[in-house]
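Throughout, protein chains are lettered first and strands after them, A, B, ... in sequence-line order, and every chain is numbered starting at 1.
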Amino acid sequence: MSSEHPPAGGTGRPAGRRPPSEPDRPEPAGQVEQLTLIDPADPAAPAGRRRGRGGRQPGARALAEHLPVARVAVDKPLSHLDQFFDYAVPLAMDADAVPGARVRVRFGARVVEGRREGGRLEDGFIVERLAASDYPGPLAPLASVLSPEPVLTPPLLALCRAVADRYAGTLADVLQLAVPPRRSIPEKEPAADPPPPPAAPEPGTWARYPTGPGYLDALARGGAPRAVWTALPGPHWPEEIARAVAATLASGRGALAVLPDGRQAARVDAALTALLGPGHHVALTAGLGPEERYRRWLACNRGTVRAVVGTRAAMFAPVRDLGLVVVWDDGDSSHSEPHAPQPHAREVLALRATDAGAGMLLGGLSRTVEGAQLVASGWAHPLEPGREAIRRAAPRVRTIEDVDLHRDDAARTARLPHPAWRTAREALASGPVLVQVPRRGYVPRLACGRCREPARCTACAGPLEARAQSGTLHCTWCGRPEADWHCAACGSFRLRASVVGARRTAEELGRAFPRVPVRTSGRDGVLATVPGTPALVVATPGAEPVAEGGYAAALLLDAWALLARPDLRAGEQALRRWLSAAALVRPADSGGVVLIVGDPGLRPVQALVRWDPAGHADRELAERAELRFPPVSRMASVTGTPSAVADVLATLRLPEGADVLGPVPVEPAAGPGGPGGSGGVGGGRPAGRADEALERALVRVPPGHGAALAAALKAAYIGRLLRKEPEPVQIRVDPVDIG
DNA sequence: AGCACGCCGACT
DNA sequence: GTCGGCGTGCTC
């Protein structure tokens, strides 16, 4: 009677069998009868209805005969529980109701005398078609199939599931990130055939790396090499990425490259077009508009194009036969998706590479600890230039200390140490000069004038700021005035106003170099390129324009400010920012000079001078290993009211070797980068009411137990939902804001 | 999330 | 006697 096989892929009981604890429900006699519809509200009743073995219901609509059940991921309700719901497939929808199709379903209806009433229309995706459902009750029919376009294909679903699991998040949240909203116009356009694979590219500038040509060759021959690539400074890396992508296409497979921002994606896009011509790839970036974005996404999903270059949202792009994933500059915080569960492009793409058996190219001018770990663990190989190639490509780097150097009048006007002023003046004779200024608001507002220790509130340790009107000191967290501050570290009473912003630096430089044009590139108003003519270009980190022919010099001001942040990654990030600016400067042979204003004894400063990001990352990794910090361990944060956090910690079934740090009170949200933000599971603010005291605990597990940690956190979270605990908690895997 | 059902106090 | 409090459970 009941079907011989349990539903494919179903996790539940075999269809037609139920535990004996539900005696009052009629035992389904067989699948087809079981699925006969009782819903009256289908206007498009198919005329020639085929009968199942026992179509006993006179008013029933005909159902698809082959696989009459559609398992649906319903978008809205209960998404915390990550459940699928089974619906019957009306015969009229049989052809369209393919796995991955978007559907509308009635959800939450009640049954009155065998008829279904009410129920809200919800969006969903068909996850799979089944011969039978393991749901014991009668199935409601699909309300409609919005489109037969299979957008949530089985491999994309599997990826979303894996990402949700890795981050203790819900499938629904990840689906939101992975599947773009539907637009009907691009869907109606016919799918073209993909172009034939291009020829394998020449190594080009990859020849500058000992293992570069071999890496490219492996890709072209269908291999899956995984490399952590330290790129040489200069303008060649976009083309090098393009060649790696082209080599993968040559093997008949697809490729996906994710870059931190649209400017850089545009450079790789242009390099790919130059190398292959149009038609082989699409760029997937914000700012395209929803329709064009969907058109390109569809082109990728339909296999019309085999390569995608884009920003972080492209990490889910459904590239077919994935042969290579590329992440450029994974230390850039833009690679962290701000929406729950906040997946990181590097992690998602490493997951995809592993699952798809694809290669990976994790490249950048610098190297993150995570990159160093991938090499240390043997998962990836280093792809590095030799010392000689670095010497040829990199500018000369000099350091000067920034103590008491304001002797010269012009230099003082520019707030520049004198040697920096002189370097700029000399370099301006032959080209543009880049001045990198830390972003305001990114650095401690005030610091000790002697030892540079950030000035902190004596009550709550929040950062102090000087009120513009009165000039008095106040804490930006608790608001308390700080009457007689002195440095907690060295006892000095002198304060130093932290950093001059880009705009004011530009004004002052303009006065110090009256005949030289000054351009700024920053948060609002980012310049992509500047001409190769003499000019001062003041930029904040990440916004440096590329100069035609390279900058003659770069000045990196206020190194201390980047390093003074109470952040695990402060050193790594500082070095990353300096390298990205320094890489835009001409090679030393052509006179390129970088001058960094900061203590030459600091490890990141030394790494810049030696141009050794890999060594720096290795040392950071060793330090993290010693302290058992991520990524050597995996961490998650649990934030909420004290009782809620305590409850989660108490019910958490932690894996072997786990430990808990805290809980500690969380500072009230301080400014833009505060502990707000949604993430993991438990979405928005964990604060029930505003201003309620919150605590945060960090949970840490040894390497290899990340999945168990995520599973345990999610179980504890779901447990609270099921128990209807009113106090919300927020759970975040790989929290970004741990100091 | 909504929206049912279900078992105990003050009203026409 | 009934209307209604929102506690608990279900939604294919």
Side-chain angles (χ1 to χ4, degrees), chain A residues 2-3 6-19 21-22 24-28 31-42 57 60-61 63-64 67-90 93 97 99 101-145 152 157 170-173 175-176 340 678 681-685 688 717-728:
Chain A
S2 64
S3 85
T11 51
R13 318 169 290 260
R17 295 270 167 78
R18 276 176 288 105
S21 54
E22 307 164 54
D24 51 345
R25 284 223 185 78
E27 187 76 16
Q31 296 316 311
V32 179
E33 292 93 325
Q34 154 75 16
L35 292 169
T36 309
L37 298 196
I38 36 184
D39 190 347
D42 185 1
Q57 300 254 343
R61 301 294 176 295
L63 294 177
L67 295 167
V69 175
R71 184 151 287 171
V72 174
V74 181
D75 203 14
K76 279 266 170 72
L78 289 173
S79 55
H80 325 281
L81 298 178
D82 271 355
Q83 282 185 5
F84 295 138
F85 293 89
D86 289 350
Y87 285 81
V89 180
M93 301 180 196
R102 293 183 215 254
V103 292
R104 307 268 282 163
V105 293
R106 291 218 170 262
F107 192 83
R110 71 204 136 92
V111 176
V112 180
E113 295 173 11
R115 308 192 143 244
R116 219 166 264 287
E117 280 177 18
R120 306 169 63 82
L121 269 180
E122 303 284 1
D123 291 320
F125 301 96
I126 295 183
V127 163
E128 56 182 331
R129 290 281 298 266
L130 300 168
S133 170
D134 53 6
Y135 180 68
L139 298 188
L142 297 173
S144 61
V145 181
L152 182 62
L157 172 67
T170 66
L171 180 66
D173 281 340
L175 292 184
Q176 203 105 40
S678 61
V681 96
R685 255 92 270 164
Y717 181 80
I718 288 177
R720 286 180 61 80
L721 281 182
L722 294 177
R723 295 195 325 264
K724 300 256 184 220
E725 298 284 354
E727 315 239 286

Send over the distance from Arg106(A) CZ to dC10(C) P, rounded to a whole Å. 23 Å
I need the Glu122(A) CD to Arg106(A) CZ distance, nearest 0.5 Å. 10.0 Å
For Glu725(A), give me all partners under side-chain hydrogen bond (donor to acceptor under 3.5 Å, both in side chains), at least two apart in sequence or on another chain. Arg723(A)
Tell me: CG of Leu721(A) to C1' of dT11(C), nearest whole Å? 16 Å
From CD of Glu117(A) across to C1' of dG2(B) the rounded distance in Å is 17 Å
Length of the line joining Arg116(A):CZ and dT11(C):P, which is rounded to integer Å: 10 Å
Rounded to whole Å, please give me the gap between CZ in Phe85(A) and P in dC10(C). 12 Å
Does Arg104(A) have any side-chain hydrogen bond (donor to acceptor under 3.5 Å, both in side chains) partners at least two apart in sequence or in another chain, and if so, which? Asp123(A)
Using atom CZ of Phe84(A) as one end and atom P of dT11(C) as the other, report the distance to the nearest whole Å. 18 Å
Check the distance between dA4(B)'s C1' and Phe107(A)'s CZ and give it to me in whole angstrom. 14 Å
Rounded to whole Å, the CD1-P distance (Ile126(A) to dC12(C)) equals 16 Å
Going through the distances and angles, do Phe85(A) and Val74(A) end up as a side chain to side chain contact (heavy atoms under 4.5 Å, CB included)? CA-CA 7 Å; Phe85(A) 293 89; Val74(A) 181; 3.9 Å; yes
